[in-house]
Structures are given as structure tokens and as C-alpha cells.
Amino acid sequence: MSVLVLLGSIELGIIYAIMALGVFVSFRTLNMPDLSVDGSFVLGAAVSAVMSLNGHPFLGLGIAFIAGCGAGSITALLHTKLKIQPLLAGILTMLALYSLNLKVMSGRANIPLINKATVFKPFEGIILGGYDYSKLLFSLAVLTLLLLLLLLFLKTRLGFVLRATGDNDQMVRALGVNTDLVILVGLALSNGLVAVAGALIAQSQSFVDVGMGIGMVVIGLASVIIGEVVFGVSSLLRRLIAVILGSILYRLIIAFALDIGMPPTDLKLVSAVIVALAMSMPILKKRFL
Amino acid sequence: MLRVESLSKTFGKGSTNEKLALNEINLSLQEGEFVTIIGGNGAGKSTLLNCISGVYEIDEGRIILDSKDVTSDPEYKRSRHIGRVFQDPLKGTAHDMTIEENLAIAFAKGKPVGLQSGVTKKDTTLFKERLELLDLGLENRIRQKVGLLSGGQRQALTLLMATIIKPRLLLLDEHTAALDPTIARKVLSLTRKLVSEEKLCTLMITHNMKASLEYGTRTIMMHGGKIMMDLQGEEREDMTVDRLIEQFEKRSGAELDNDRMLLS
């Protein structure tokens, strides 16, 4: 594996880590596998692309976050108010978003952003050894900021209640808090982060495709689980950093798979196998060790 | 203080498993009353508590707390005035969070939930003081996850959480039934201490006939979704476990076949 491929994987891992943090919020803190991620990722990318076309790439990141929050809120309302199972609620939102994303993209299935203003443009030219570090560094800055904000948030009273709701919602209600509202906040935040990741990916590859979100939730889960297994879960900060490292490790695994000659079309199969293996780890350990 | 008026609840209405769980229950509690509830399996004890706390929607009747009709209030709203401890020690705490964080959520009851700091230094000092009351050494383990505690320790913690903001009403649903006898006694005496110190209006379900007379100021016996007996004052003071069982069999027309109730 060349250094350039390695750096490219780390760069992707950093951007996708933002999505993985979002998945962590729904999957681990709320204990709710939220499939709307596949749709909100593209929503963020589409919104950001349209904003870039109009010359506002940075504002686009903010709007992408808000749009993602909106998508997550819909899933939450379907689940809490209409009592639809969380998995199905997520699938419904994901499906609806497919049409909505096409609308955002004015009916086109893809938007190229070549030679348009992107969030990375102003930083371009930090070249060392033939690699342009601008994307990596800017993404790392965004990731670090979001990590700190998320960590601070999870230590607020609302953050406590959010974590407790995933742990034991009965207790939270018994202590006088409306868990429906907590789930709304959690899923909004989760999908907001996912949408920001989608936006950064769109900016980074200068391209948006309406199908780019397929399997994103699985990649997010893989990152969360790989991170937990490899880097541990002792404290909250450690868990969040583990998710980030899990995302980077996942990209390195994928790069390795490509390096040994696996066709790119097989990658989703690889992702699915990785998640299945990681999630069945406790059972496999018991049986075979 | 608490008034339950002709409260009825049927499960599985219209299905073949239809079961009338509560049949026109009337119950009135005075300020500071500590009521123990006994009765066999399926008598409706837990259902009554769950209807009062808003876990179940009721079919008919009214629930009045502090002269306010709360019948249509959702569970979380009623919870601001009601403290609860469940039979299952896992139900009352968040196992993946620390003792301190659990107490902080309980301490935030009725306060706005936003972006305030989850727990302040002042809170920690107060939590440690309260934990010392339990005499379980938990004050030194405040940063440990609740999942590491034993069932008894978790129940004691839940009791503390239910009362750290003084509730208008405390509901205890066989909160010592899942504990071993030594710890159960400890949690019960802690219950008595907290209830009498704070003069809490309390409803406690117990399967232990002896405890039902020993603790509290009033005892009610339920059977088939009805209150069969309501003991207070002198009548209660003169009551013995044997006579209580005899009365139960006479009034309910059923043999007490519940070993758990008799033996413990």
C-alpha cells in the first residue's frame, strides 16, 4: 500500500468519522439502530452541493446539518408519536428522502462540483511529498470541533438524559422527563452529524450522486463496533475517540482489500461481513474459544 | 392528598384473554400516610400503582393528586410529583452511567432539562452526603458505573433517587422482593427512615404479611381487582399475621395458596 493511498484512507476515515459519531449517538446512546442515515447522508451532500453551486460552501455545511436534523426529527416523530417500530421508521424516512434528495438536486441523479467553490478551496496547496493535506487538515479541524461539542453536550443535563434514555427509558420517564422529546433531540443530532459528513464527502470528491448513501449506516455501525473492540469503552471521551479511530481503521481495511485485488464492487459485501462478524463477536467467542 | 375514584382497568378488552384487573377502586390517602398493600397474584396491586403513576391508561374513574385531576396527564408529567421504586432492581437506574450521573438525573426532576452542566461540584457534595445515609459505602464509589452494584445496592440507590427531590407520593412496588433477606431488611428499614423523616405519603406493595403490619400506618388487602380490607388505627394494631390470613380467606373466599406470602 503506497503512502498516498494510506493518506487518502485516513482522510476519508476522518470525514466518515463524523458520520460514525452520528451513528454512535443513535445506536449507542439512544440504543436505536436508525436507518434514516442512508438518506440523511445524501441529503447533506445534496444540500451542500447546491449551496456550493450558489457560491456558499461553508454556509452549506451548516444548512446540511439543519437539514439532517430535520430528517432525524421525522424518524423520531414516526416512532414516538405514531408508534412505528424504530427500524421501520428509519426505513420510511430513508425511502422518502430518496425522492426528496432528487428534488434538492433539481431532478438530476448527480451533480459534479468540478471547479466550483468548495470548503477545501481556500486551504489548497499544503503539499508535502506529493500529497495535498488541505482536505485532511480541514476535515480534521471540523471533526475535532464536533467531537468536543458532542463531548460537552453529552455532559450536560440534556446529554445525561439522552444517555439514560437509551439505557433505561422507563427510569427517565419515572424521573419526570418526556422521553419522546429526548429521542427527537437525539435522532436530530445524530442525522445532523451524518448530513455534515455527507456534505464534506461531496465537497471532497466534488461530486454528488443520489445513490451514494447506500450502506452508510452499515459503515457507521462497523466504525462504532471496530472502534469499541479495538480501542475500548472505558470513558466517554475514550468511546468517542474509539469511534473515530474505528472509522479510520475501517477505511484502511477497505484500502487493504482493494490493494490485494478485490474489485470495488465487492466492497459492500465486505462491509456487511465485517459488521456481521463484529456484532456476533460475543457469540463466536463463546462457541469457538 | 391522593384520591382514586371508581378506577377500573381491563386488559385485552374484547379479546378472549380479557381480564378485569381493577374493579371500581376507591382509595383516599391523607397527608403523610404510609399504606402497605397486600394480596395474592393477580389481585391488581401492581396495576393500581401503574394506573396511579400513569404507566397504564385507565378505562374509567379519576385520579386526583393534590386536588388536581391528573387522570389525563402522561406518565412523565405525573412523575414530577411521584417517586417510584420497582421490583426489578434493573429498572430504576441506568446501568451504563455512574452513580453520580444517575443521581444528577434524579436531582434534576422538575427542573428545566437543557444545556446546563449535568453535575456540579455542589451537587456532588450533596450526593455524597445523601449516599452516606445508605451506609453502603457508595459515597466512595460515586464515579463508578451503576452496573457494577449489587441488586440491593441498586435498590437503595433507586430509593434515594426517588426521594432526593421530595415527592408528593412515593410508590413502592415490591421493591425488596428480588433481594436476599438480609439486604431486603436493610432496604426496608431505609424505606421506613426516609418515609418518616420526610413525612412522605407512601403506597408500598409487599408480599410479606408480617412486613405489611410492621411497616406503615395503614394496610389494605386486595383481591380480584377490589380492595377487600382496609385496616387502620386500633384495628390494625391488634391484628396478627394469623388473623390477617384468616380474614383474607374469609373475605376473598379463596385459600391462600401463595407460599411466598406465608413463608416470608
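Both backbone and side-chain heavy atoms feed into the values below; hydrogens, waters and symmetry mates do not. Lettering of chains follows the sequences in order, A, B, ..., and the numbering in each one begins at 1.
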When heavy-atom pairs shorter than 4.5 Å are enumerated against chain A, which of [options] gives the highest number?
options: B:K91, B:Q116, B:K77; answer: B:Q116
options: B:V119, B:I82, B:T158; answer: B:V119
options: B:T93, B:L90, B:V55; answer: B:T93

Taking atom [atom1] of [X] as the centre, does the number of heavy atoms from other residues, nucleotides or ligands within less than 6.0 Å exceed 12?
X: B:E60; atom1: CD; result: no
X: B:K199; atom1: NZ; result: no
X: B:E57; atom1: CD; result: no
X: A:Q85; atom1: CD; result: no

In terms of heavy-atom proximity below 4.5 Å to chain B, should A:V185 be classed as side chain, backbone, both, or neither?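 Contact with chain B: none, neither part.
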Between B:R80 and chain A, with a heavy-atom cut-off of 4.5 Å, which part of the residue counts as in contact: side chain, backbone, both or neither?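 Contact with chain A involves both backbone and side-chain atoms of B:R80.
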Looking only at heavy atoms, which two atoms of A:V233 and B:K145 are closest? And how far apart?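 Scanning both residues, the minimum pair turns out to be O-NZ, 4.3 Å.
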Sub-4.5 Å heavy-atom contacts with chain A: which residues of residues 94-111 of chain B show up?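 Near chain A, by residue number: B:A94, B:H95, B:D96, B:M97, B:E101, B:N102, B:A104, B:I105, B:A106, B:A108, B:K109, B:K111.
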To the nearest 0.5 Å, how far apart are CG in A:L175 and OH in B:Y76?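 With rounding to 0.5 Å, CG (A:L175) is 14.5 Å from OH (B:Y76).
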Residue-level interface, residues 152-171 of chain A with chain B, non-hydrogen cut-off under 4.5 Å: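 The stretch touches chain B at A:F153, A:K155, A:T156, A:R157, A:L158, A:F160, A:V161, A:R163, A:A164, A:D167, A:N168, A:Q170, A:M171.
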